[in-house]
> 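There's a structure below that I have some questions on.
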Amino acid sequence: MLNVIPYPNKVRLREGALELKGSITVRCPERYADIAEDFTSALRRSLPALHVEDEGEIGIEFNLVTGYGQEEYSLEVSAKGVDVRASKSAGFIYACRTLYQMLELHKFHAAGAKLPFCYISDKPRFRWRGLLLDEARHFFGKEEVLRLLEIMAMHKLNALCWHLADDQGWRIESKRFPLLHEIGSRRADTQIGGVRSEKFRGTGHEGYYTQEDIREVTEKAHSLGILVMPEISLPTHVGAMTAAYPRLTCSDKSMPVATTFGDRETLLCAGKSETREFVFELLDEICSLFPSPYISVNAANIHSEKWLECASCRKYMQERFMHDSRQLQADFLNDVSDFLKRKGRRMLCENTAMTDGMSSDIIGVYAENEKDRTIPDQLRWGRSYIISKPAYLDFDAPYCQTPLKKTYLYDPDEELRGCRYLRGKVMGLQASLWTEWIYDREKLDLCLFPRMAALAEASWTEPEEKSYSSFRQRLAPYREMLDGSGINYAKDKICSCRNPLARQRKRYYYNIMDQYLEVRENRK
């Protein structure tokens, strides 16, 4: 069995193996030399006895072909060497990642390594295989994000949704509106122990990314074939923004950056022209920092009825013959979408924000547990969707609530009645790592691994090629690979607990008081 995650879609194994020893030659088209060089560097580090020469005994050939999709590749291992084929850089990157896992490079030193004779023809099930990292609640810093990008690439994930602004923090340096990072990036304290808790850590929390940091992250991601999409909460969850610029609210009142979690019901004033001008200028600056073709505004939990209490919002609605606050909601989000469209970008927002009259250019993110029966019709009418169902894909949830098997077996096509085949409007899956109750690497890694492996296989591998029992077997060498990289992960007793009473008890204590319960248990 190939110990590869995600598992390729078409594999033919043959008898025999290619032993990597002596000397090797790596050849590739000049335009993809950097990809081949990265792979060669990995070989040199992990197999120092293997010499890379111009005329080696073993050849690894990178061949550019036509007719392959954006991320499609094939590779053949035979007695002659390794033949890698793709038509785009992403295909060559993913082929190298597959070879890396086949070799399990971390295990080998001076001794040779063997590749089984095989033919692999592979391409992803979904074109969007994403992870949301929330740094508005807790800031982790550039090195942590760069590390995460490397790990995502290993799993063939290709989209990082970077949640950088919410009620509890603003994390982007702004040259045009400097109070955003000067005021909005700092909070006086942090709630601990759960949403109902009245306990606080007793210390402040702060941090933001300079514009140079952001460029470094996006450039690194591009080299790995990963898109970095910023997420800035609009027109709700704007507590950090309005702490810096209170004139953007309906009341003009200044409120400090939130120190507690949960829905704060903060809103921008949708009736003031000044608000929209501010938002457009801010988004213009964000577009200059992020080359992503997509910008997410999240737009979850819009309490639009509060706009009816605002004189400016009521006046705006009357002038445009609006009779419902949801119409104002659609108007605001459509304006933001139109602005981004003029910048060559498409807007994403959560499905709960979708209402009548919203542009079909807006991409939806299915991010609520309740079944949304309108989505199949929206797909047929032309709206695209990314699936991010919390019950399966919220990685900050404890394993006692969302065990590994639940994530692995999730198939959005079953819920959406085959609509992913309708012009590919279901773009793919996106897991979310919200960080209200995550403030260090130990828990960050515990929540992500081995869940990231399950996400990778659920979003890459076709359903007929998936097998949870096979996946469980492949987790053993996968965990050894994580050990070799110094990555913490949830042990079987945590991520696959089969005792329903024990899971229910842990879930109770997690929710009311102790969000690090599984972290401590995992250390034993």
> Could you check if a side-chain atom of Trp434 sits within less than 4.5 angstrom of a side-chain atom of Leu132, using non-hydrogen atoms only?
yes

> Tell me whether Thr435 contacts the main-chain N or O of His138 through its side chain, where contact means a donor paired with an acceptor under 3.5 Å.
yes

> Using distance alone, with no hydrogens and no angle criterion, decide if Tyr489 and Asp483 have a side-chain donor and acceptor under 3.5 Å apart.
yes

> Looking at Arg520, I want to see if its CZ is surrounded by more than 12 non-hydrogen atoms of other residues, nucleotides or ligands under 6.0 Å.
yes

> Kindly determine whether Glu457 and Arg474 satisfy salt bridge (Lys or Arg N to Asp or Glu O under 4.0 Å), including the steps that lead there.
CA-CA 12 Å; Glu457 199 146 312; Arg474 285 180 280 119; 2.7 Å; yes

> Looking only at side chains, do Tyr68 and Ser74 share a donor and an acceptor under 3.5 Å apart?
yes

> State whether a side-chain donor-acceptor pair under 3.5 Å links Asn298 with Glu231.
yes

> In terms of relative ring orientation, are Trp460 and Tyr73 parallel, tilted or perpendicular, with 30° and 60° separating the classes?
tilted

> Side-chain donor-acceptor pair under 3.5 Å between Glu350 and Thr352, yes or no?
yes

> Minimum heavy-atom separation for Pro124 and Glu71, please, with both atom names.
CG-OE1, 3.3 Å

> Could you tell me if the side chain of Pro403 sits less than 4.5 Å from the side chain of Cys495, heavy atoms only?
no

> With the threshold set at 4.0 Å, does a side-chain nitrogen-carboxylate oxygen contact exist between Glu135 and Arg171?
no

> I'd like to know whether OH of Tyr509 has more than 12 heavy-atom contacts from other residues, nucleotides or ligands below 6.0 angstrom.
no

> So do Ser496 and Arg472 actually touch side chain to side chain, heavy atoms under 4.5 Å?
yes

> May I ask you to decide if Ile494's main-chain N or O and Glu521's side chain share a donor-acceptor pair within less than 3.5 Å?
no

> Testing the 3.5 Å rule here: is there a donor-acceptor pair between the side chains of Ser41 and Asp38?
no

> Does CD belonging to Glu464 count more than 12 external heavy atoms closer than 6.0 Å?
yes

> Flag the pair Val82 / Glu76 as yes when at least one side-chain heavy-atom distance between them is below 4.5 Å, and no otherwise.
no

> When you check the side-chain N and O atoms of Trp162 and Asp134, is any donor under 3.5 Å from an acceptor?
no

> Is a side-chain donor-acceptor pair under 3.5 Å present for Asn351 with Glu368?
yes

> Is it the case that more than 12 heavy atoms not belonging to Gln211 sit under 6.0 Å from its CD atom?
yes

> Classify the side-chain pair Glu442/Tyr516 by whether it contains a donor and acceptor separated by less than 3.5 Å.
no

> Verify the distance criterion only: is there a donor paired with an acceptor across the side chains of Lys156 and Thr98 at less than 3.5 Å?
yes

